[in-house]
J.: 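Have a look at the structure that comes next, please.
Atoms considered below: every heavy atom in the structure, side chains included; atoms not considered: hydrogens, waters and symmetry mates.
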Amino acid sequence: MLGRVVRLMTVKEDRCSIALEQAAGEKLFAIIVQNDVTCSVLLKNNCFLKNRAILIPNNKCGYEEFPADIIDYVHKVSLGKAKHALSLI
């Protein structure tokens, strides 16, 4: 196991931490594991009987880029104040 999301990331700008917490929600407490095989082994062996756990295999992590026209629109409407969440961690 690599650890909980909240422990694996650092926020670049402290003033944005509450917004990032709200956007991430309970996923902040998800546990990142090496791969989907590790995830399966942990689940099959009932390693989390006492607590409900969200497991995220590291080899399945990813994100999709927003189209450039949407980013430009948001930047224009927010007068340059809006930032993409991934740029803050």
Side-chain angles (χ1 to χ4, degrees):
M1 290 192 302
L2 302 176
R4 294 199 183 270
V5 172
V6 72
R7 298 284 183 215
L8 295 173
M9 66 178 227
T10 55
V11 179
K12 293 179 184 175
E13 298 180 35
D14 286 338
R15 65 188 180 91
C16 299
S17 61
I18 293 174
L20 289 170
E21 287 175 20
Q22 293 297 314
E26 87 176 28
K27 294 278 187 180
L28 274 178
F29 303 101
I31 300 168
I32 305 291
V33 296
Q34 285 83 354
N35 52 44
D36 47 347
V37 174
T38 304
C39 186
S40 294
V41 169
L42 290 170
L43 291 173
K44 284 180 185 174
N45 291 317
N46 296 321
C47 293
F48 301 99
L49 287 177
K50 292 183 181 180
N51 301 319
R52 193 182 120 207
I54 299 170
L55 301 177
I56 302 174
N58 196 34
N59 65 327
K60 301 290 183 178
C61 291
Y63 69 95
E64 294 181 27
E65 290 284 335
F66 282 102
D69 58 330
I70 292 175
I71 292 173
D72 291 341
Y73 175 76
V74 171
H75 189 71
K76 180 180 174 184
V77 170
S78 70
L79 303 174
K81 294 181 181 179
K83 295 183 181 184
H84 193 282
L86 288 177
S87 71
L88 300 173
I89 56 173

J.: Let me have the donor-acceptor pairs involving side chains of residues 41-49, under 3.5 Å, with sequence neighbours excluded, atom names and distances please.
T.:
from	atom 1	to	atom 2	distance (Å)
N45	ND2	V41	O	3.0

J.: Let me check something: do M1 and V5 share a hydrophobic cluster, defined by ILVMFWY side-chain heavy atoms less than 4.5 Å apart, either directly or through other members?
T.: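 No; tracing contacts between hydrophobic side chains, which count when under 4.5 Å, never links both residues.
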
J.: Any pair with a residue in residues 77-89 that passes side-chain hydrogen bond (donor to acceptor under 3.5 Å, both in side chains), sequence neighbours left out, goes on the list, sorted by first then second residue, please.
T.: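 Pairs touching residues 77-89 that pass the test: E13-K83.
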
J.: Tell me, please, which residues at least two apart from Q34 pass side-chain contact (heavy atoms from CB on, under 4.5 Å).
T.: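 If we apply the side-chain contact (heavy atoms from CB on, under 4.5 Å) test to Q34, skipping adjacent residues, the hits are L2, T38.
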
J.: Please set out all donor-acceptor pairs under 3.5 angstrom arising from side-chain atoms of residues 65-74, sequence neighbours excluded.
T.:
from	atom 1	to	atom 2	distance (Å)
E65	OE2	Y63	OH	3.2

J.: Identify each donor-acceptor pair in which a side-chain atom of residues 18-31 lies under 3.5 Å from a protein atom, sequence neighbours left out, and give them as a table.
T.:
from	atom 1	to	atom 2	distance (Å)
E26	OE2	R52	NH2	2.7

J.: Grouping I, L, V, M, F, W and Y whenever their side-chain heavy atoms are under 4.5 Å apart, do V6 and L88 come out in a common cluster?
T.: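 Yes, V6 and L88 fall within the same hydrophobic cluster.
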
J.: Quick check: is V77 connected to L79 through a chain of hydrophobic side chains (ILVMFWY, heavy atoms under 4.5 Å apart)?
T.: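 Not linked; separate clusters.
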
J.: According to side-chain contact (heavy atoms from CB on, under 4.5 Å), who are the partners of K76, at least two apart in sequence or on a separate chain?
T.: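 Not a single residue meets the side-chain contact (heavy atoms from CB on, under 4.5 Å) criterion with K76.
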
J.: Roughly how far apart are L55 CG and S40 OG, rounded to 0.5 Å?
T.: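 If I round to the nearest 0.5 Å, the distance is 9.5 Å.
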
J.: Just by modelled atom types, is the I32 backbone N or O under 3.5 Å from a matching donor or acceptor in the N58 side chain?
T.: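 Pair absent, no side-chain N/O of N58 close to backbone of I32.
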
J.: L8, V11: one ILVMFWY side-chain cluster at the under-4.5 Å cut-off?
T.: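 Same cluster.
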
